[in-house]
Visitor: 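I have a structure I would like to understand better, so I am pasting it below and will then ask my questions one at a time.
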There are 2 protein chains.
Amino acid sequence: MESVVVATLDQQPEDARGFSPLPSNGICGRLGDKWTVQVLWRLSLASGKKLRFSALKKEIDGVTQRMLTLALRNLERDGLVARHYFPEVPPRVEYELTEMGSGMLRALEGINSWLMDNLSRIEENRRVYDDAEQR
Amino acid sequence: MESVVVATLDQQPEDARGFSPLPSNGICGRLGDKWTVQVLWRLSLASGKKLRFSALKKEIDGVTQRMLTLALRNLERDGLVARHYFPEVPPRVEYELTEMGSGMLRALEGINSWLMDNLSRIEENRRVYDDAEQR
DNA sequence: CGGAATCCAGTAGGATACTG
DNA sequence: CAGTATCCTACTGGATTCCG
């Protein structure tokens, strides 16, 4: 029996090499990218209301049009965000979280709060490590 | 009051722009990289026992020496992994999870199980989206 | 307005060879 | 054994321009 920590992670069927790889890598290459989580986050703050592209762009500091577009496309593709296109003049596009999207955000609460609790310790560790310099 | 989903995420002091950014990006660029989580995972499976560099390399499928070294260095720098160097001939180096490291892994359980539950749906969504092709 | 297209710089990551 | 050192490629992400 492994440690309790990983017990639930071990439910995945083992692969040909005889161990269960974490799906975290690969599947969430998405999570690792620079903007995806921030987009989900801003949409969730809207709590059910839809947000226009320009609103998202204004609220997510530093994101470029291209990166926001790419992030939204990937989220839409995964079914985490719904895109509503209104063929008006000028055109209007609104985005909202899907059920799945908000579920994923909920699932992120664990690491997020852990990070908030441990961020300063990590930064301190890095400082110490870097000060030690050449070993 | 925001949605329940993000309530606990909102405890962070707001920044100058008036909203609380998720720390998930930036702090865990680490989490987003290709090998970090897998290294933590393999170390946790050892449950307290230390693992040698070569053991890790053998068990983490596809990782190169360089990438494993970099991942371990970063984890050590953050204080998530402890490195024990034995100046023998030939040299021996052993790695183990720190308390902090296993805490982080525990905190990852949320997304991990969510991903395992939703992976097939996501893949299906992607398939449908890609089949729709040109919109 | 909400992109798409293009160009470009920086970096993550892989292959290979060498070393204390 | 456990790395460093190089080299190289591919992808991320930024800036800019154009389009329906």
Side-chain angles (χ1 to χ4, degrees), chain A residues 21 24-39 42-43 46 50-78 81-96 129 132-135, chain B residues 21 24-39 42-43 46 50-78 81-96 129 132-135:
Chain A
S24 312
N25 293 330
I27 199 281
C28 279
R30 283 305 121 227
L31 287 183
D33 79 15
K34 197 171 176 181
W35 303 108
T36 296
V37 176
Q38 289 193 56
V39 170
R42 294 317 293 171
L43 285 173
K50 301 167 184 172
L51 287 182
R52 302 190 60 165
F53 183 89
S54 49
L56 281 168
K57 178 160 169 20
K58 195 175 57 182
E59 290 180 0
I60 299 176
D61 189 69
V63 72
T64 61
Q65 277 185 338
R66 178 172 181 262
M67 288 302 106
L68 182 53
T69 299
L70 288 176
L72 285 168
R73 283 291 174 281
N74 283 321
L75 287 169
E76 186 195 0
R77 189 167 94 107
D78 289 353
V81 159
R83 181 180 190 263
H84 304 281
Y85 175 72
F86 303 90
E88 309 165 350
V89 182
R92 176 167 54 102
V93 182
E94 295 180 346
Y95 296 91
E96 65 176 339
Y129 186 92
E133 217 80 1
Q134 272 69 320
R135 49 183 50 233
Chain B
S24 312
N25 294 329
I27 199 281
C28 280
R30 285 304 120 229
L31 286 182
D33 79 15
K34 197 172 177 181
W35 303 108
T36 297
V37 176
Q38 290 193 54
V39 170
R42 295 317 293 172
L43 286 173
K50 300 168 185 172
L51 287 182
R52 301 190 60 162
F53 184 88
S54 49
L56 281 169
K57 177 158 168 21
K58 194 175 56 180
E59 290 180 359
I60 300 177
D61 188 67
V63 73
T64 60
Q65 278 185 337
R66 180 174 182 262
M67 287 303 105
L68 182 53
T69 300
L70 287 177
L72 286 167
R73 283 291 174 282
N74 284 319
L75 287 169
E76 185 194 1
R77 189 168 94 107
D78 288 354
V81 158
R83 181 180 190 265
H84 304 281
Y85 175 72
F86 302 91
E88 310 165 352
V89 181
R92 175 166 54 104
V93 182
E94 295 179 345
Y95 295 92
E96 65 177 338
Y129 185 92
E133 215 80 1
Q134 272 69 321
R135 47 184 50 234

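Residue numbering restarts at 1 for every chain, and letters A, B, ... go by the order of the sequence lines. This structure is a prediction, so every number in the text was calculated from the model and none was measured.
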Visitor: For F53(B) versus L72(B), what's the shortest heavy-atom pair and its separation?
Guide: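 For F53(B) versus L72(B), the nearest heavy atoms are CD1-CD1, 3.8 Å.
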Visitor: Can you tell me how far apart CZ (R42(B)) and CG (L56(B)) are? Round to the nearest 0.5 Å.
Guide: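 These two atoms lie 8.5 Å from each other.
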Visitor: Would you please confirm or rule out a distance under 4.0 Å between OP1 or OP2 of dG3(C) and any side-chain N or O of R83(A)?
Guide: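 Result: yes.
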Visitor: Check whether any side-chain heavy atom of Y129(B) sits under 4.5 Å from a side-chain heavy atom of E76(A), and report yes or no.
Guide: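 They are in contact (side-chain heavy atoms under 4.5 Å apart), so the answer is yes.
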Visitor: R83(A) pairs by side chain to side chain contact (heavy atoms under 4.5 Å, CB included) with which of R73(A), E96(A), E94(A), K50(A)?
Guide: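 Checked R73(A), E96(A), E94(A), K50(A) against R83(A); only one passes side chain to side chain contact (heavy atoms under 4.5 Å, CB included): R73(A).
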Visitor: To the nearest Å, how far apart are K57(A) NZ and dA4(C) P?
Guide: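 Interatomic distance, NZ of K57(A) to P of dA4(C): 15 Å.
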Visitor: If I take atom NZ in residue K58(B) and atom C1' in nucleotide dG3(D), what distance separates them, rounded to the nearest angstrom?
Guide: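 It works out to 18 Å between those atoms.
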Visitor: Just the rounded figure in Å: distance from C1' of dG3(C) to CZ of R73(A).
Guide: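 My rounded result for the distance is 7 Å.
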Visitor: Measure from CZ on R92(A) to C1' on dG20(D) and round the result to the nearest Å.
Guide: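 About 17 Å, once rounded to whole Å.
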Visitor: Using a heavy-atom cut-off of under 4.0 Å over every strand shown, decide if F86(B) touches base, sugar-phosphate, or nothing.
Guide: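 Since no nucleic acid heavy atom lies under 4.0 Å of F86(B), the category is nothing.
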Visitor: Rounding to a whole Å, what distance do you find between R52(A):CZ and dG2(C):C1'?
Guide: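 So the CZ-C1' distance, R52(A) to dG2(C), works out to 9 Å.
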Visitor: Do Y85(B) and P91(B) make a side-chain contact, defined as non-hydrogen atoms from C-beta onward lying under 4.5 Å apart?
Guide: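 Result yes, sub-4.5 Å side-chain heavy-atom pair found.
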Visitor: Round to a whole Å and report the spacing from CD of E94(B) to C1' of dC1(D).
Guide: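 One finds 12 Å between C1' of dC1(D) and CD of E94(B), rounded.
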Visitor: Under 3.5 Å, which N/O atoms of the protein pair with N/O atoms of nucleotides 11-16 of chain C?
Guide:
{"unit_1": "dG13(C)", "atom_1": "OP1", "unit_2": "K34(B)", "atom_2": "N", "d": "3.1"}
{"unit_1": "dG13(C)", "atom_1": "N7", "unit_2": "R66(B)", "atom_2": "NH1", "d": "3.0"}
{"unit_1": "dG14(C)", "atom_1": "OP1", "unit_2": "K34(B)", "atom_2": "NZ", "d": "2.2"}
{"unit_1": "dG14(C)", "atom_1": "OP2", "unit_2": "W35(B)", "atom_2": "NE1", "d": "3.1"}
{"unit_1": "dG14(C)", "atom_1": "N7", "unit_2": "R66(B)", "atom_2": "NH1", "d": "3.3"}
{"unit_1": "dG14(C)", "atom_1": "O6", "unit_2": "R66(B)", "atom_2": "NH1", "d": "3.1"}

Visitor: Rounded off to whole Å, could you give me the OH-to-C1' distance for the Y85(A) and dG2(C) pair?
Guide: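 Atom-to-atom, Y85(A) to dG2(C), this comes out as 9 Å.
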Visitor: Please report, rounded to the nearest Å, how far the P atom of dA4(C) is from the CG atom of L68(A).
Guide: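 For the pair L68(A) CG and dA4(C) P, the rounded distance is 11 Å.
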Visitor: Taking side-chain hydrogen bond (donor to acceptor under 3.5 Å, both in side chains) as the test, write out the residues that go with Q65(B), two or more places apart.
Guide: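 Residues passing side-chain hydrogen bond (donor to acceptor under 3.5 Å, both in side chains) with Q65(B): none at all.
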Visitor: Distance check: side-chain N/O of Y95(B) vs OP1/OP2 of dG3(D), anything under 4.0 Å?
Guide: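 Checking Y95(B) against dG3(D): at least one side-chain N or O falls below 4.0 Å of OP1 or OP2.
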Visitor: Is K57(B) salt-bridged to E59(B), going by a charged N under 4.0 Å from an acidic O?
Guide: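 No, K57(B) and E59(B) are not salt-bridged.
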